[in-house]
Amino acid sequence: MKDGKYRVLVINPGSTSTKVSLFEDETQAFEWKLFHDSSVLLKFAHINDQMPFRRGVILDMLKSEGIDPETIDAFAGRCGGTHSQPSGIIRVDKSMYEDAAKGLDGSEHPAKLGVMLAWKFAEEYGKSAFTLNSTNVDEFNDFARLTGIKGVYRFSHSHCLNQKAVAEFHAEKIGHRYEDCNFIVAHIDGGITVGAHERGRLVDSNMGADGEGAFSPTRIGSIPVLQVLNYLETHSADELRRRCTRSGGFVDFFGTSNSDTIHELVEKGDRKATLVWNTMIYQICKLIGEMATVLRGKVDGILLTGGLLRFADIVEGIEDRCGFIAPVSVYPGEMEQEALALPTLRVLRGESAAHAYSGRDVWQGFEGTDL
């Protein structure tokens, strides 16, 4: 057992920010969140190209706080891009780093930089790296997977880390176990995902980074397939892929992913901004309605989380359209930093064990069928 406090650095890259926290045992010593406008991140042709930039941001944060990276006991990073995994804490190894770099799950999202940076720092300083509840944790039911094209499937790509952290927190708050509750959790920020949590499992969610669901500050949301084909007659597939996660939504409409800038226009009565903003809220409500049917209407609560909940009209719009489904509870911001740090701390103390990265997807197809 170590004498003194354990230090865990949590690295959480998002579509519009880099968030870093240092925990000393259970206490968060500091947290930094740096917003990156689309004009900055779009300079990088590929998500992986952001690695030196994001690393520099982290080192500058540590320097400003007087923290020597050598004194950190473990690095915990948000994860995406790997083979899908079960929920729970995973010890990051070289193969997980390489799979994230390849983007095996097809989701080109900055979340994968969290696990990549954590591994690189751990390798450099001789420490351990961990991750928890990747963007592609797979607990989907079979109905959530199949599409109308043979061999084309839906996959779990969502803000699983924050969704599960909020659901677990809310369940405890109301005196129940997460495993005994049904929740609809909406993560509303640079990207938007809405998930159906049925008795402790995320059984369905929109694939926000894949062009499904509500559009957001950086994402295009759902678009009819024939309209996409028409679009591709004059635009490249690479351009469309970038719009899915980096240059769609507000970026395409206004040239910025800064929601504060757009909301200022709404407050001034700008017709374009008001229409775009309220359409986003409308589309979020439609997603919540979809997930209510997944849970057969047996919903113990609608839980709203994410950075955009600093705008009261988003909450009001959702309560107006969805309040009949279940009580609405609001948890602004994210619970991702604590969710990554505390399980890591328990592993360092020997109180629990981390899973090994399996190197294979959870779901291996519909057994016994030619689907």
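Along the sequence shown, the residues carry numbers beginning at 1.
- Between the side chains of N12 and E336, at least one donor-acceptor pair of N or O atoms lies under 3.5 Å.
- Judged as a salt bridge (Lys or Arg N to Asp or Glu O under 4.0 Å), and not counting sequence neighbours, the contacts of R177 are D180.
- Here E123 does not pair with K94 in a salt bridge; the nearest charged N to carboxylate O distance is not below 4.0 Å.
- Applying the salt bridge (Lys or Arg N to Asp or Glu O under 4.0 Å) definition to pairs two or more places apart or across chains, those involving residues 245-259 are R243-D252.
- D105 meets the side-chain hydrogen bond (donor to acceptor under 3.5 Å, both in side chains) test with N136, H157; sequence neighbours excluded.
- Between Y153 and F155, the ring-plane angle classifies as perpendicular under the 30° and 60° cut-offs.
- Sorted by first and then second residue, the pairs that involve residues 130-155 and meet salt bridge (Lys or Arg N to Asp or Glu O under 4.0 Å), not counting sequence neighbours, are D138-R145, E139-K164, D142-R145, K150-D370, R154-D204, R154-E212.
- Every pair tested for salt bridge (Lys or Arg N to Asp or Glu O under 4.0 Å) that includes a residue from residues 320-330 fails, sequence neighbours excluded, so the list is empty.
- V137 and I89 fall into different hydrophobic clusters, defined by Ile, Leu, Val, Met, Phe, Trp and Tyr side-chain heavy atoms under 4.5 Å apart, directly or through other members.
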Donor-acceptor pairs under 3.5 Å, side chain of residues 95-102 to any protein atom, not counting sequence neighbours: which ones?
{"residue": "S95", "atom": "OG", "partner": "D93", "partner atom": "OD1", "Å": "2.8"}
{"residue": "S95", "atom": "OG", "partner": "D93", "partner atom": "OD2", "Å": "3.4"}
{"residue": "D99", "atom": "OD2", "partner": "Y357", "partner atom": "OH", "Å": "2.7"}

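- Under a cut-off of 6.0 angstrom, the local environment of CD1 in I149 is sparse, with at most 12 non-hydrogen atoms contributed by other residues, nucleotides or ligands.
- Side-chain atoms of K112 and N48 include a donor-acceptor pair closer than 3.5 Å.
- Partners of E65 under the side-chain hydrogen bond (donor to acceptor under 3.5 Å, both in side chains) rule, at least two apart in sequence or in another chain, are W32.
- Evaluation of the ring pair (Phe, Tyr, Trp, His ring centres under 6.0 Å) test over residues 204-236, restricted to residues two or more places apart or in two chains, returns F215-F253, Y231-H235.
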Enumerate donor-acceptor pairs with a distance under 3.5 Å from any side-chain N or O in residues 22-29 to protein atoms, sequence neighbours excluded.
{"residue": "E24", "atom": "OE2", "partner": "R7", "partner atom": "NE", "Å": "3.0"}
{"residue": "E24", "atom": "OE2", "partner": "R7", "partner atom": "NH2", "Å": "3.0"}
{"residue": "D25", "atom": "OD1", "partner": "Y6", "partner atom": "N", "Å": "2.9"}
{"residue": "E26", "atom": "OE1", "partner": "R349", "partner atom": "NH2", "Å": "3.2"}
{"residue": "E26", "atom": "OE2", "partner": "R349", "partner atom": "NH1", "Å": "2.7"}
{"residue": "E26", "atom": "OE2", "partner": "R349", "partner atom": "NH2", "Å": "3.3"}
{"residue": "Q28", "atom": "OE1", "partner": "S21", "partner atom": "OG", "Å": "3.2"}
{"residue": "Q28", "atom": "NE2", "partner": "E31", "partner atom": "OE1", "Å": "3.4"}

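- The nearest pair of heavy atoms linking F130 to A74 is CE1-CB, 4.1 Å.
- Not counting sequence neighbours, the partners of D238 by the salt bridge (Lys or Arg N to Asp or Glu O under 4.0 Å) test are R241.
- Side chain to side chain, H36 and T18 meet the donor-acceptor criterion of an N or O pair below 3.5 Å.
- A search for side-chain hydrogen bond (donor to acceptor under 3.5 Å, both in side chains) contacts involving T256 returns D37, not counting sequence neighbours.
- In the model, E334 has no side-chain atom that pairs as donor or acceptor with a side-chain atom of T305 under 3.5 Å.
- For K63, the NZ atom sits in a loose shell: 12 or fewer heavy atoms of surrounding residues, nucleotides or ligands are nearer than 6.0 Å.
- Applying the salt bridge (Lys or Arg N to Asp or Glu O under 4.0 Å) criterion to R346, with sequence neighbours excluded, gives no partner residue.
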### Task
Would you check, one step at a time, whether the test side-chain contact (heavy atoms from CB on, under 4.5 Å) holds for S216 with F250?
CA-CA 7 Å; S216 74; F250 291 178; over 6 Å; no

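- Here R55 pairs with E124 in a salt bridge; the nearest charged N to carboxylate O distance falls below 4.0 Å.
- If you look at Y178 and H170, their ring centroids are not closer than 6.0 Å.
- Ring centers of W119 and F75: at least 6.0 Å apart, outside the cut-off.
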